[in-house]
Amino acid sequence: MAAALIFAGGTGKRMNSRTKPKQFLEMHGKPIIIYTLEHFEYHNEIDMIIVVCLKEWIHELKGMLERYGITKVRRITEGGETGHDSIYLGLEAMEGMVDDEEIVLIHDGVRPLINEELISKNIAAVRKYGNAITAEPARESIVRSVDGQSVADVPARGQMYSAKAPQSFYYGKIRSLYRMARKDGIKSIDSAHLCSLYGEPMHMVKSTPNNLKITEPADFYMYRAVYEALEGQQLYGI
């Protein structure tokens, strides 16, 4: 069995929403965070969910969990200043609830376009390789710049991938890396970046299509379009 750590501690400043953080924006009357949680709630290998949330929205989230029948959430803990901090706090909140040998899938609360197969592939990859980094091949050329003005080089596109989520590990291993980073004063972009900083080998798992992270207004409209297209496929057998 495995646990899911869902971090939803962002304030959503780039969404230009004055009333709600991005993870609580609604699509067809349901909050984005609930769409995300449902994938883990209904997966038969996930037995526990921990959510890292903005302090002032914890009470609201508890009501949402009850309203939408999300029963696997065992703890909601307050988030930190950055995504790195929120993951660290979530992992610490899991201590005593999971064993070091248990698998934990770390996932963005605002990344709802995953599916059961991707979760299963992450769990299987951790069992076989020790970890799993969901990734998507780069669709356009990637340029590298040191100063932000001139192009240093253009890596071969066939070798370039975008790190997505879930990013999955044995609990004891990833917790120790985040503790090391805290001691060393390091803050990473995500767990894959942290593994890279400490020289940890990583195994890639192919992402589902359109596994976007809802960060800006355009992302929300893209998500709605993709969701409605997928819904249409189910209804009409397209």
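We count residues from 1, following the sequence as given.
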Nearest heavy-atom approach of Asn211 to Ala165 is ND2-O, 2.9 Å

Name the atoms and distances for all side-chain donor-acceptor pairs under 3.5 Å in residues 132-139, with sequence neighbours left out.
unit_1 : atom_1 : unit_2 : atom_2 : d
Thr134 : OG1    : Asn122 : ND2    : 3.2
Thr134 : OG1    : Pro166 : O      : 2.6

Walk me through it: do Glu216 and Lys22 pass the test salt bridge (Lys or Arg N to Asp or Glu O under 4.0 Å)?
CA-CA 9 Å; Glu216 300 178 350; Lys22 56 191 176 182; over 6 Å; no

Applied to residues 75-89, the salt bridge (Lys or Arg N to Asp or Glu O under 4.0 Å) test, sequence neighbours excluded, yields Asp85-Lys187

List the steps and the verdict of side-chain contact (heavy atoms from CB on, under 4.5 Å) for Ile174 and Val104.
CA-CA 9 Å; Ile174 193 63; Val104 57; 3.9 Å; yes

Cys195 and Leu177, any side-chain heavy atoms less than 4.5 Å apart:
yes

Minimal non-hydrogen separation, Tyr170 against Glu101, with atom names
CD2-O, 3.1 Å

Within a radius of less than 6.0 Å around OH of Tyr198, do more than 12 heavy atoms belonging to other residues, nucleotides or ligands occur?
yes

Ignoring hydrogens, what is the shortest heavy-atom contact between Gly79 and Ser86? Give both atom names and the distance.
CA-OG, 3.7 Å

Not counting sequence neighbours, which residues clear salt bridge (Lys or Arg N to Asp or Glu O under 4.0 Å) with Lys72? List them please.
none

Gap separating the OH atom of Tyr171 from the CD atom of Glu95, nearest 0.5 angstrom:
5.0 Å

Ion pair Glu26/Arg224, N-O distance below 4.0 Å
no

Taking all non-hydrogen atoms of both residues into account, name the closest pair between Arg157 and Ser141 and its distance.
CD-N, 3.7 Å

Show every donor-acceptor pair shorter than 3.5 Å between a side-chain atom in residues 31-39 and any protein atom, with sequence neighbours excluded, or say none if there are none.
unit_1 : atom_1 : unit_2 : atom_2 : d
Tyr35  : OH     : Met27  : O      : 2.7
Thr36  : OG1    : Ile32  : O      : 3.3
Thr36  : OG1    : Gly109 : O      : 2.8
Glu38  : OE1    : Lys30  : NZ     : 3.3
Glu38  : OE2    : Lys30  : NZ     : 3.0
His39  : ND1    : Ile114 : O      : 3.4
His39  : NE2    : Pro112 : O      : 2.7
His39  : NE2    : Ile114 : O      : 3.3

Ser188 and Asp190 have their tightest heavy-atom pair at OG-O, 3.2 Å

Is the backbone of Gln149 close enough, under 3.5 Å, to the side chain of Asp147 for a donor and an acceptor to pair up by distance?
yes

Nearest-0.5 Å distance, OH of residue Tyr223 to CG of residue Leu113
6.0 Å

When rounded to the nearest 0.5 Å, the distance separating CG of Asn210 from OG1 of Thr208 is 8.0 Å

Kindly say whether the aromatic ring centers of Tyr178 and His84 come within a distance under 6.0 Å.
yes

Residue pairs passing the salt bridge (Lys or Arg N to Asp or Glu O under 4.0 Å) test where at least one lies in residues 117-128, sequence neighbours excluded:
Glu45-Arg127, Glu117-Lys121

Is the number of heavy atoms from other residues, nucleotides or ligands within 6.0 Å of NE2 (His28) greater than 12?
yes

Looking only at the side chains, is there a donor atom on one of His107 and Gln167 sitting less than 3.5 Å from an acceptor on the other?
no

Listed partners of Asp100 passing side-chain hydrogen bond (donor to acceptor under 3.5 Å, both in side chains), at least two apart:
Arg175

Begin with the C-alpha distance, continue with both residues' side-chain angles, and end with the deciding distance and a verdict on side-chain contact (heavy atoms from CB on, under 4.5 Å) for Arg74 and Ile49.
CA-CA 6 Å; Arg74 298 289 183 267; Ile49 304 171; over 6 Å; no

Please indicate whether Ile58 has more than 12 foreign heavy atoms, meaning atoms of other residues, nucleotides or ligands, lying under 6.0 Å from its CD1.
yes

